Amino acid sequence: MSVETAYQYLYLGALIVLGILMGCMLIRSIIGPRITDRILCINMIGTLVICTIAILSRRQEEGYLVDISLIYAMISLLTVLILTSVYNRKRPDQDAGGTASAPDGAQPGSSEEESHG
Amino acid sequence: MKETFRSWINGETDPIEELLDSWEESDPDREERKSLSKERIRTFMEQPGELSAVRQIRNRYTRIYYIVAVLSCIFLSVVLLYTVSLMPGLGKVNPRATEVSDRYIEKGVEETGAVNAVAGMILDYRAFDTLGESHVLFTALICVMILLRIDRKNQRTGYEDYYTIRNDIYYDLSGDPILRTMGRALLPCILIYGIYILLNGQNSPGGGFSGGAVIGAGLILFSAAFGMKAADRFLNMKTCSVITFVSLAFYSFAKGYVFFIGANGLENPIPKGTPGAIFSGGMILPLDIAVGCVVSITMFGFYSLFRRGSIGMDVNYDSFSKKERKAGGEET
Amino acid sequence: MGEWIRFWIVAVILTAGILCFVLETVGIFRFGYVLNRMHAAGIGDTMGLLLIVLSLMIASGWSFDTGKLLLLIIFMWLTSPTSTHFLSMVEINTNPDIGSHVRKMRTDPDQDRGSV
């Protein structure tokens, strides 16, 4: 067995394991009780995909695939940022000095209702 | 006629305003119907038997929904994996589609001057197709703008609320020091990387679409990290429309005539250069830049419109806010 | 022979990286709450990615790709803590019964002011 075939088998095995882990993450993101569980699992799938693409670039000897994994890392960061800004709301029972960075009553639903009436 | 057109361009009047049914004003008993439906829901909720039956049905359908969701996910992944398994391996001969690709591979570099065969294909052989794709993006941006844009016509609140809703309809991340530090470290790299992908499209994988996507993502990250106001300084509605229009017009003039002439078009005035250099590939580099501009503006425009209903503040925002205030004062 | 030594180094580091990811998955399934699961998720984001990309760097030798892989590590180490930070912020801001999972560090602000 030559070194090249050994490398191929090694990368193949790693890719298969990473694929199985991705499936597990998908299951967790389906059963995750809270929205943050789901976002966390999506983020983890992003990391796994980045590793998969990096291994694939080595397996096929194509260096440009690393560029794609860089782009993927940025997109996965953006996903979390935008989802965060969508789902972050102040708790109704929160006291005034709770978190300093929470917005004061920036609830679009209530203001829109006011404007209707 | 001219006056009407000018006032329409300036956004003062809308010639088809009477034709459209503005339901808000022509519907005086809307509040009445609203309260009536609320009353109906309240009486329905007070009946104990009905509510439990509804809950039962809902629980049953929730379970069915879960099962169907899982099954459709599995089905979709099986179909996609099967499709992947049908694809020919890397470097293998695909007997179904070799006639066109042989030509591209054999004569592509010679005829287009681009080392990257894909760039030569989509921006030279099939440039008209790519023109349609960029126009699709432009049309999508216009549709989102029609649906979501908040301007003086459809805003419902006063000046202060208007400003608040526009800026803080979602949680503002820009006050976060961690995000700011990370953005300061990463944003220049991201933007330079996007420009590299954009300009090197004819030599390496990438080109207009992916480079524009990276630049657009960088712009989104910028506006998330440093606030929408910082992004307003260089990107508002006017700059966005100018950039998009100039890019699309340039592309249309450069490649649209092929539609009328047919075949390969006219002789290209720009030299092809040596394959592999930055300035090679004739028209591919300018077309790449045009496509990249359209894609990045579209991405940022989607984000900005979904986030707060406009791209940048309106140009003549101050004047109309004064008008609004005066009108409000007269009413009260 | 030298090639084989390099292969075994790559194999060991790559397997360690994959093991990190397996550990992460086990942790994500075993822990009971999001803020605990984030600890498990951090293993894969930092150590797993580092080990896998390091093994690929060793395998590829000294070339232009090595720099890009190094860039990938730096990029991920900058971005993934940021996203985790925002996730925990969302959790603390939106969970109505956060008090049953997290001990409140800050007491009443009036009392704080009085003590200082």
Side-chain angles (χ1 to χ4, degrees), chain A residues 2-4 6-7 10-11 13-14 17-18 20-21 24-25 27-28 32-37 39-41 43-44 46-48 50-51 54-55 57-58 61 63-64 66-67 69-70 73-74 76-81 83-85 87-99 101-102, chain C residues 3-4 6-8 10-11 14-15 17-19 21-22 24-26 28-29 33-35 37-38 40-41 44-45 48-49 52-53 55-57 59-60 63-65 68-69 71-72 75-76 78-80 82-96 98 106 108-110 112:
Chain A
S2 67
V3 183
E4 280 75 28
Y7 272 122
L10 178 68
Y11 293 146
V17 174
L18 285 178
I20 293 169
L21 291 184
C24 296
M25 289 293 176
I27 293 170
R28 183 75 239 186
R34 287 188 56 77
I35 187 73
T36 35
D37 279 307
I39 303 177
L40 183 69
C41 289
N43 196 18
M44 291 331 299
T47 312
L48 287 170
I50 288 161
C51 286
I55 293 177
S57 82
R58 216 36 247 149
E61 305 276 338
Y64 63 81
V66 183
D67 295 358
S69 67
L70 269 171
M74 189 175 64
S76 122
L77 167 75
L78 267 185
T79 313
V80 174
L81 278 189
L83 283 176
T84 304
S85 68
Y87 283 107
N88 201 347
R89 293 275 184 276
K90 202 178 170 187
R91 268 182 295 142
D93 60 324
Q94 200 169 24
D95 37 331
T99 45
S101 55
Chain C
E3 284 295 311
W4 277 105
R6 185 150 88 172
F7 169 75
W8 281 114
V10 168
L14 190 65
T15 318
I18 298 283
L19 270 182
F21 276 112
V22 173
E24 171 206 0
T25 313
V26 170
I28 280 200
F29 272 90
Y33 186 56
V34 191
L35 295 178
R37 285 190 194 120
M38 277 172 195
D45 262 352
L49 188 103
I52 286 184
V53 176
S55 73
L56 295 178
M57 281 161 79
S60 73
S63 67
F64 186 58
D65 293 349
K68 281 199 276 194
L69 288 168
L71 204 67
L72 182 62
F75 199 93
M76 279 303 288
L78 275 171
T79 58
S80 79
T82 316
S83 39
T84 314
H85 161 71
F86 282 115
L87 270 182
S88 56
M89 199 172 75
V90 170
E91 177 63 27
I92 287 175
N93 277 350
T94 57
N95 197 349
I98 184 85
R106 188 193 288 184
D108 202 19
D110 294 332
D112 271 358

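Excluded from the calculations below are hydrogen atoms, water molecules and symmetry mates; all remaining heavy atoms, backbone and side chain alike, are included. Chain identifiers are assigned alphabetically (A, B, ...) following the order of the sequence lines, protein sequences preceding nucleic acid strands; residue numbering begins at 1 within each chain. Please read these numbers as outputs of a predicted model, since none were measured by experiment.
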For this session: Verify side chain to side chain contact (heavy atoms under 4.5 Å, CB included) between C/E91 and A/I35, making sure each step is shown before the conclusion.
Result: CA-CA 9 Å; C/E91 177 63 27; A/I35 187 73; over 6 Å; no

Can you name the closest pair of heavy atoms from [X] and [Y] and give their distance?
| X | Y | result |
| --- | --- | --- |
| C/L69 | A/A54 | CD2-CB, 4.4 Å |
| C/L87 | A/V80 | CG-CG1, 4.3 Å |
| C/S60 | A/R58 | CB-NH1, 3.4 Å |
| C/K68 | A/Y64 | NZ-CA, 4.1 Å |

With rounding to the nearest 0.5 Å, note down the distance linking [atom1] in [X] to [atom2] in [Y].
| X | Y | atom1 | atom2 | result |
| --- | --- | --- | --- | --- |
| C/N93 | A/Y87 | CG | OH | 15.5 Å |
| A/C24 | C/F21 | SG | CZ | 13.5 Å |
| C/L72 | A/C51 | CG | SG | 7.5 Å |
| C/E24 | A/L21 | CD | CG | 8.0 Å |
| A/I50 | C/M76 | CD1 | CE | 4.0 Å |

For this session: Given side chain to side chain contact (heavy atoms under 4.5 Å, CB included), test C/F86 with A/L83 step by step and report yes or no.
Result: CA-CA 10 Å; C/F86 282 115; A/L83 283 176; over 6 Å; no

For this session: Evaluate side chain to side chain contact (heavy atoms under 4.5 Å, CB included) for A/M25 paired with C/T25, printing each intermediate quantity in order.
Result: CA-CA 7 Å; A/M25 289 293 176; C/T25 313; 3.8 Å; yes

At a 4.5 Å cut-off on heavy atoms, which part of [X] comes close to chain C: side chain, backbone, both, or neither?
| X | answer |
| --- | --- |
| A/L77 | side chain |
| A/V3 | both |
| A/L18 | side chain |
| A/I20 | neither |
| A/D37 | both |
| A/R34 | side chain |

Problem set entry | Interface moiety of C/F29 toward chain A, non-hydrogen atoms closer than 4.5 Å |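 When you check distances to chain A, atoms from both the backbone and side chain of C/F29 fall under 4.5 Å.
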
For this session: May I ask you to name which of C/T82, C/V22, C/L35, C/T84 has the most heavy-atom pairs under 4.5 Å with chain A?
Result: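 Top count of heavy-atom pairs under 4.5 Å with chain A: C/V22.
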
Exercise. With chain A, which of C/I52, C/L49, C/I28 has the greatest number of heavy-atom pairs at distances under 4.5 Å?
Worked result: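 Going by pairs under 4.5 Å, I would pick C/I28.
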
Exercise. Is C/L14 close to A/I55 at the side-chain level, that is, under 4.5 Å between some pair of heavy atoms?
Worked result: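 Yes - at least one pair of side-chain heavy atoms lies under 4.5 Å apart.
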
